[in-house]
Amino acid sequence: MRLLLSLFALGAVLLLADHDVRRPAAAAQRAPATELLIFEHPQCTYCQVFREHVLPKYHIAARISAPPLRFVDVAKDDTDSLGLSGRIATVPTAVVMRGGREVGRIEGYWSSANFFRMLAHILDEAG
């Protein structure tokens, strides 16, 4: 049953993700319209759990239509210039960016199935 729910959530992410496989070459060079930023810290146990449990499934979704994913190390990278609606207080935190501004976030690790459900909800709400 858990596998079925995970696959359903993954399918919802795929359907709701902003994509167009027929983009011209110039559009492919610009920043993506929708992007998923994952804020992490090298010493964060749950960040590693996220990479082990969620990332492989996300890579499958990304082959089809999920928004591009980029990891941001809060210990090294400047997060002030990213257009976030607030500071990153918990890691891992997944932030959906659309057009250079934050449209939603998932704070903490919530399991793979819950992550995909919440991500699908954020993408749906963002339109």
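Note that this is a predicted model, so its numbers are computed, not measured.
Taking CD of Glu107 as the start and OG1 of Thr90 as the end, the distance is 5.0 Å to the nearest 0.5 Å. One finds the NZ atom of Lys76 at 10.0 Å from the NE2 atom of His41 (value rounded to the nearest 0.5 Å). Note that the CZ atom of Phe115 and the CD1 atom of Ile38 stand 4.5 Å from one another [nearest 0.5 Å]. Phe50 contributes atom CZ, which lies 8.5 Å from atom CD of Glu40 (distance to the nearest 0.5 angstrom).
Using a 4.5 Å cut-off on side-chain heavy atoms (C-beta onward), Cys44 and Val74 make no contact. No side-chain heavy atom of Thr34 sits less than 4.5 Å from a side-chain heavy atom of Val103.
Checked against Ile106 for a side-chain contact (heavy atoms from CB on, under 4.5 Å), the options Val95, Thr93, Leu119 give a single hit: Leu119. Ser112 pairs with exactly one of Arg117, Lys57, His53 by the side chain to side chain donor-acceptor pair (under 3.5 Å) rule, that one being Lys57.
Judged by distance alone, the side chain of Asp77 and the main-chain N or O of Asp73 form a donor-acceptor pair under 3.5 Å.
The two residues Leu36 and Pro67 have their closest heavy-atom pair at N-CB, 4.4 Å. Looking at every heavy atom in both residues, Cys47 comes nearest to Pro92 through SG-N, 3.7 Å.
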Run the side-chain donor-acceptor check on residues 79-87: report pairs under 3.5 Å with partners two or more places apart or on a different chain.
unit_1, atom_1, unit_2, atom_2, d
Ser81, OG, Asp78, OD2, 3.1
Ser85, OG, Glu102, OE1, 3.1
Ser85, OG, Glu102, OE2, 3.2

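Within 6.0 Å of atom OH in Tyr46, 12 or fewer heavy atoms from other residues, nucleotides or ligands are found, so the atom counts as exposed in its surroundings.
Judged by a 6.0 Å distance limit and a 45° cone about the ring axis, Arg105 is not positioned over the six-membered ring of Phe39.
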